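Working notes, structure below.
What you see is a predicted model; the values in this text were computed from it and never measured. Just follow the structure's listing: the first ligand is 1, and inside any ligand the first atom is 1. All residue numbers refer to positions in the sequence shown, counting from 1.
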Amino acid sequence: MLYSVTNLLRTQENIPLAPLTTFQVGGPARYFVEAHSEYEVSEAVAFAFARKLPLFVLGGGSNLVIADSGWAGLVLKVAMSGVEFEGDLQKMVFHASAGENWDDFVALAVSKNCCGIECLSGIPGTVGGTPVQNVGAYGQEVSETITRVVALEIATGQRVELKNADCGFSYRSSFFNSTRRDQYIVLEVSYLLHRNGEPRIEYADLKKFFAGRQGKPSLQQVRDAVRSIRQSKAMLLVQGDEDCRSAGSFFKNPLVSAAEADRIQALAETRAPGITMPRYPAAAGQVKLAAAWLVEQSGFNKGYSLGPVGISRKHTLAIVNRGGATAKDIVALKEQIEKKVFDIWGVSLQPEPVFVGF
Ligand SMILES: Cc1cc2nc3c(=O)[nH]c(=O)nc-3n(C[C@H](O)[C@H](O)[C@H](O)COP(=O)(O)OP(=O)(O)OC[C@H]3O[C@@H](n4cnc5c(N)ncnc54)[C@H](O)[C@@H]3O)c2cc1C
């Protein structure tokens, strides 16, 4: 037997999951446990194995759509905390436990004057969630700084150390959410950051924010700017702002060939002469399209509603729960948008959040 079961684990039954997610939808977990140590993580896996229960690993619940029927197995909430760091005057490596709040961790790095993740300020969720979809925003991705992911390989019970190249990072993807999906529990992530380095100000919104200001902004000023821009788009969790009752951007920006991008641009011009479709160079000669533009050009504007769900009043790419919504309502709007975008533009949008229990 790979795992041993003891009676020490404090499992709970029929725990509502909606309050544990930023969307605030979804049914209960048949069994639920919060793990505060690696030992408790192993115990929880043993519990699931012994009862042949499907296991779902929960971080901060900020990238999830949980089914109205909930999860029939065990939900394991990763709650290990602690950050250690080592380094010299130039470089610092931060080893952060998976259950640490991501934005608190960014704040800590910035307070130590270490750059490399400042543009990822204000993203909700946990440290452990960041390698899963290679979290990115405002010109940075965690794959640029992650040096090591310590994880529990569920099938073998082995604690493994994965290097950056092992994780298969690409745009909003890693092997944790693709080829090796549901096979690992992230326990700790190490990030290599640079002391006293220059903050990255490459993204258009950030450049605009600092345009005309004297001198170079500090790391802290860049962090504050990112949080302020995010707040204006309801991409920062702010109490009382119902536009952030979401999972952030609902669709990934499509990656297409240059020829496909030209086709869509030509189509756009037949619909609105002179219009320019946003397009950005991406890896391997591909072109990244703006999902928000496609959604808008398909007739879905900010504030659009479909029953208790809708599109954020501040961001076209965020589907929001306006209060009392179900997962079924979210899926109905998702499908309506996907169909219209495909019918008009021939582009299949891919959702960014993880669908649980469907
Ligand atoms: C307002 C808002 C703004 C957002 N902005 C951005 C953004 O700018 N950029 C961006 O990339 N994302 C963004 N997101 C999405 C989300 O915050 C990130 O994807 C975040 O990293 C998810 O982490 P989490 O801990 O909440 O994971 P969860 O939502 O709990 O889980 C997401 C997935 O990761 C898995 N997972 C979580 N923790 C672990 C672990 N320890 N081990 C193994 N698997 C695990 C889960 O099983 C699930 O498959 C936003 C979300 C919201 C609500």
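- Figure legend: K340 and F300 shown as a cation-pi pair, the cationic atom lying under 6.0 angstrom from the six-membered ring centre and within 45 degrees of its axis.
- Contact annotation: F56 has at least one heavy atom less than 4.0 Å from an atom of ligand 1.
- With E84 contributing its side chain and H95 its backbone, the two residues share no donor-acceptor pair below 3.5 Å.
- Counting only non-hydrogen atoms, the option in G136, G129, G248 that gets closest to atom 7 (C) of ligand 1 is G136.
- In terms of polar-atom proximity, S246 is not counted as a contact of ligand 1, lacking any N or O under 3.5 Å from an N or O of the ligand.
- Near G125, meaning under 4.0 Å from one of its heavy atoms, ligand 1 places the atoms 23 (O), 24 (P), 25 (O), 26 (O).
- For a threshold of 3.5 Å applied to N or O pairs, the pair formed by N63 and ligand 1 contains at least one separation below that value.
- Protein heavy atom in closest approach to atom 46 (C) of ligand 1: V57 O, 3.1 Å.
- Under the 6.0 Å distance and 45° angle rule, K112 does not count as a cation-pi partner of F85.
- Ring geometry for Y191 versus F105: interplanar angle of 30 to 60°, hence tilted.
- A donor-acceptor pair under 3.5 Å is formed between the side chain of Y171 and the backbone N or O of N253.
- When only interatomic distances are considered, the shortest N/O to N/O separation between M235 and ligand 1 does not fall below 3.5 Å.
- When heavy-atom distances to ligand 1 are checked against a 4.0 Å cut-off, A247 comes that close only through its backbone atoms N, CA, C and O.
- Ring geometry, W345 versus W293: the interplanar angle falls from 30° to 60°, so the pair is classed tilted.
- For the pair R180 and Y184, the cation-pi criterion (under 6.0 Å, within 45° of the ring axis) is not fulfilled.
- Distances between N or O atoms of S62 and those of ligand 1 include at least one value under 3.5 Å.
- Looking at ligand 1, you won't find any N or O of L236 less than 3.5 Å from one of its N or O atoms.
- Considering backbone and side-chain N/O atoms, P124 comes within less than 3.5 Å of an N/O atom of ligand 1.
- Proximity to Y184 (heavy-atom distance under 4.0 Å) selects the following atoms of ligand 1: 43 (C).
- A donor and an acceptor atom, one from each side chain of Y280 and Q286, are nowhere located under 3.5 Å apart.
- On a distance-only criterion, V135 and ligand 1 share no N/O pair closer than 3.5 Å.
- Inclusion of A98 in the set of residues having an N or O under 3.5 Å from an N or O of ligand 1 is not warranted.
- Taking distance alone, with nitrogen or oxygen atoms compared against 3.5 Å, R230 approaches ligand 1 more closely than that limit.
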